[in-house]
Amino acid sequence: MAKSKTQSNVLPMSEVFHPGIETYKQVYNESLEKPDAFWEKQAQVLDWFQKWDKVLDESEAPFYKWFPNGKINASYNALDRHVNRNRRNKAAFIWISENDEEKIVTYDGLYLRVNNFAKSLKDLGIKKGDRIIIYLPMILEAPVAMLAAARIGAVFSFVFAGFGAGALAERMNDSKAKLVITADGFQRGGKMVKLKDIVDEALVQVSSVESVVVVRRGRNDIQMQEGRDIWWHDIVSRKQIYVEPEWMDANDPLYILYTSGTTGKPKGAVHGNGGYSVWVANTMKWAFNPQEDDRWWCAADIGWVTGHSYIVFAPLFLGLTSIMYEGAITYPGPDRMWELIERYRVNLLYTSPTAIRTLMRYGEKYPEMHDLSSLRVLGTVGEPINPAAWKWYYDIIGKSNSPIIDTYWQTETGGFMIAPPLGLGLPPLKPGSGTFPMPGVDPVILDENGIEVAPGEKGFIAYKRPWPGMFMTLNNDPERFKRTYFEKFNGMYYCGDYAIKDNDGYFWLLGRADEVLNISGHRLGTIEIEDALIASHEVAEAAVFGRPDKVKGEVIVAFIVVKDQYEQDGEIVGKLRKKIRADLGPIYVPEEIHVVKGLPKTRSGKIMRRVVKAVALNEVPGDISTLENSASVEEIKDAIEGFRREASN
Ligand code: WTA
């Protein structure tokens, strides 16, 4: 496989930031050599009600059990212990909306809200083990609902507020949710998103849901269904109520988060209470080295795993103060992010390469309008960061004073897997490399046959041993869990990324090796979009793939064949766009939809997506000896050329 071209790009930052990586090396080696003793110690970052029987039970691998029989509660660790100690009046969240409303909630205030909502959930009949859906924008009720569920042992599944009714219904059905928490609507980029209407549409396809709790946020008109829908403010008491936190087993589920894979059906990754909590708290310390009085801003949406782990759980476990921002980072202007950093004296910023590239396009004048001197550490997540964006972030935003913490991880991994270990000693950074594995993480780069490749060669990244934050299973589908992640490389964990380990031992994450797309750092399934297209009665066949894009990393391109009777329909592309937006959500809408007469297929009738993509991207399509209809290749070329001509006019 190809050699990496990016390896010589070294900045001598160890001199600037840290004396060296000796501590990291020592801690890392200890984590692999004496894992039991190591994790025994690390687990003490949290308070446990009862100690575990052993650190790791591998008897039913790959269904690993960390800290079995240990009893813990995530809400207790996020709140009670801070309130009981000296953080009662410390801000947990400083929340700001797009229109500059501001709310500061202290640990005590959050504790009060969580207890009160936990009581409301109990009053609605929610018990330990019940599943609830949270479909909320970036408002304080989101972490309150998550922590209240965790407090009483209900398993929540957060659905990103950008998903459409079809995607929402699918998640409600798969999780067999009894209750949904949503809002009437919210503003994004100045526009109203009518969340409750989407819930109503989804519920037509769902039978398990008994109640819908609605937060008043958008103040838009909505329908409240008698006996099912209740306002949040009508059921939450203003008095101080105490709800005893459930003693959860370390391996009882905390939440289910759906993510895209290589089939049309999203996978419900199940995270547990114990190992996951230990993992997010420790990885945050190791990668970002946060200090007591720091202000942390994770600019992700709470509905994705980044928000779960690093807006809600890790920062609260560590007793930090977070900025929580409800809105677009370019609204009302391209300096929004820089303005908020200045106003709130943010110390640690964590965002995505797409956000950096988007803001970079507006030029330096916007960050230069603001005092960014409070920033000390800059993080990124979600997709590979190209060296140009890395350098802009480092030079212009960090004024060459703040290390870039490029964190590589996945929904399934719970927390960071590969990231510069600032808290343990920072190695010299190389723009575009996440540097080294976190303690306990044992990665290897393999070829198709599972043989380790030489340094500098591209291969599949896999992990030789489990780590505490690893998801426990897929909801309703343990077989798929085993098959998808552990079969390809003989029991090692594999989840679809290419990587290189260079001669200095640095890891370079190169993106997906499978049919999963990464659009602006959002993980979407090719087949999900193809299925949605084919589900509309006009479309006979569809092939979807990602085209590289300078800002978003990738954008979605679809080639479709329309059924004969709709061939003359000039509105078809617009209709399909609308349908995908309503069903899956706006992020799924293809940038380009090309209508063609046929798609390249094998003789057995399978669409050759690989060939469509190669031809459309002007690449060599590889082996096409099994191709049945070569005329379609010419048609794809013509369609793309026509599109380019139009775009350049
Ligand atoms: C990609 C997001 C390169 C990768 C936390 C992975 C990255 C997928 C990075 C997971 C990074 C995430 N460098 N690629 N720093 N971080 N990815 O589950 O392809 O939404 O498999 O979790 O994003 O996306 P997910």
Side-chain angles (χ1 to χ4, degrees), residues 4 6 158-160 162-163 255-262 266-269 271 276 279-280 283-284 287-288 298-311 313-314 350-357 378-387 389-390 393 404-420 429-438 441 443 458 460-463 469-471 474 484-485 493-500 506-526 528 546 548 552-554 587:
S4 153
T6 38
F158 205 117
V159 180
F160 169 56
F163 279 127
Y255 68 78
I256 306 170
L257 184 56
Y258 288 85
T259 186
S260 294
T262 53
K267 305 181 281 195
H271 279 291
Y276 170 82
W279 187 244
V280 295
T283 49
M284 184 163 183
F288 283 94
C298 169
D301 194 283
I302 208 162
W304 301 97
V305 75
T306 305
H308 283 50
S309 296
Y310 299 106
I311 295 178
F313 292 109
Y350 187 37
T351 187
S352 68
T354 290
I356 297 161
R357 290 189 296 256
L378 302 173
T380 83
V381 59
E383 43 180 332
I385 181 162
N386 50 309
W390 195 103
Y393 200 27
I404 306 292
I405 306 298
D406 174 3
T407 64
Y408 165 73
W409 58 297
Q410 303 170 314
T411 304
E412 294 88 336
T413 70
F416 312 145
M417 295 298 273
I418 292 175
L429 298 178
K430 304 188 189 189
S433 166
T435 74
F436 300 121
M438 291 274 99
V441 172
K458 177 175 164 183
F460 303 100
I461 187 161
Y463 299 89
M470 182 171 170
F471 66 141
L474 290 179
T484 313
Y485 301 99
Y493 170 78
Y494 166 68
C495 178
D497 281 310
Y498 284 129
I500 289 174
Y506 282 63
F507 286 86
W508 300 78
L509 278 305
L510 306 175
R512 302 293 304 189
D514 56 13
E515 312 278 81
V516 172
L517 305 170
N518 193 327
I519 313 293
S520 306
H522 295 149
R523 180 170 159 188
L524 312 178
T526 304
E528 282 171 83
K552 297 177 175 174
E554 270 186 317
I587 48 171

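Each ligand, and each atom within it, is numbered from 1 in the order the structure gives.
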*Asks:* Does the ring centre of Tyr494 sit less than 6.0 Å away from the ring centre of Tyr485?
*Replies:* no

*Asks:* Among all protein heavy atoms, pick the one closest to atom 25 (P) of ligand 1 and tell me residue, atom and distance.
*Replies:* Thr411 OG1, 3.5 Å

*Asks:* Are Glu554 and Arg512 ion-paired here, with the side-chain N under 4.0 Å from a carboxylate O?
*Replies:* no

*Asks:* Spell out, as yes or no, whether a donor-acceptor pair under 3.5 Å connects the side chain of Thr407 to the backbone of Thr380.
*Replies:* yes

*Asks:* Please confirm whether the backbone N or O of Ile500 pairs with a side-chain atom of Tyr506, one donor and one acceptor, at under 3.5 Å?
*Replies:* no

*Asks:* Check each atom of ligand 1 against the heavy atoms of Leu509 and keep those under 4.0 Å away; list them by number with element.
*Replies:* 3 (C), 13 (N)

*Asks:* If we only count N/O pairs under 3.5 Å, is Gly382 in contact with ligand 1?
*Replies:* yes

*Asks:* Distance to 0.1 Å, residue and atom name: give those for the protein heavy atom nearest to atom 5 (C) of ligand 1.
*Replies:* Trp409 CE2, 3.5 Å

*Asks:* Under 4.0 Å from any heavy atom of Asp406, which atoms of ligand 1 are there?
*Replies:* 11 (C), 15 (N)

*Asks:* May I ask you to decide if Gly414's main-chain N or O and Ser309's side chain share a donor-acceptor pair within less than 3.5 Å?
*Replies:* yes

*Asks:* Less than 3.5 Å between some nitrogen or oxygen of Thr306 and one of ligand 1, yes or no?
*Replies:* no

*Asks:* Starting from atom 6 (C) of ligand 1, which protein heavy atom do you reach first, and at what distance in Å?
*Replies:* Asp497 OD2, 3.2 Å

*Asks:* With no hydrogens and no angle check, do the side chains of Thr413 and Tyr463 hold a donor and an acceptor under 3.5 Å apart?
*Replies:* no

*Asks:* Is it the case that ligand 1 has an N or O less than 3.5 angstrom from some N or O of Glu412?
*Replies:* no

*Asks:* Which option out of Pro353, Pro384, Ser433 puts a heavy atom nearest to atom 14 (N) of ligand 1?
*Replies:* Pro384

*Asks:* Going from OG1 on Thr435 to CZ on Phe507, what distance comes out if it is rounded to the nearest 0.5 angstrom?
*Replies:* 9.5 Å

*Asks:* Testing Tyr258, Phe163, Phe158 one by one against Trp304 for a ring pair (Phe, Tyr, Trp, His ring centres under 6.0 Å), which residue passes?
*Replies:* Phe163

*Asks:* Could you list the atoms of ligand 1 found under 4.0 angstrom from a heavy atom of Val381?
*Replies:* 5 (C)

*Asks:* How about Glu383 and Thr354: does a side-chain donor come under 3.5 Å of a side-chain acceptor?
*Replies:* yes

*Asks:* Going from CD1 on Ile356 to CG on Leu378, what distance comes out if it is rounded to the nearest 0.5 angstrom?
*Replies:* 8.0 Å

*Asks:* Do any nitrogen or oxygen atoms of Thr380 come within less than 3.5 Å of a nitrogen or oxygen of ligand 1?
*Replies:* no

*Asks:* Checking the N or O distance criterion of under 3.5 Å, is ligand 1 in contact with Trp304?
*Replies:* no

*Asks:* Among Arg523, Glu383, His522, Gln410, which one has a heavy atom closest to atom 9 (C) of ligand 1?
*Replies:* Glu383

*Asks:* Using a 4.0 Å cutoff against the non-hydrogen atoms of Asn518, which atoms of ligand 1 qualify?
*Replies:* 1 (C), 23 (O)

*Asks:* Just jot down the ligand 1 atoms closer than 4.0 angstrom to any heavy atom of Thr407, in number order.
*Replies:* 9 (C), 11 (C), 15 (N), 16 (N)

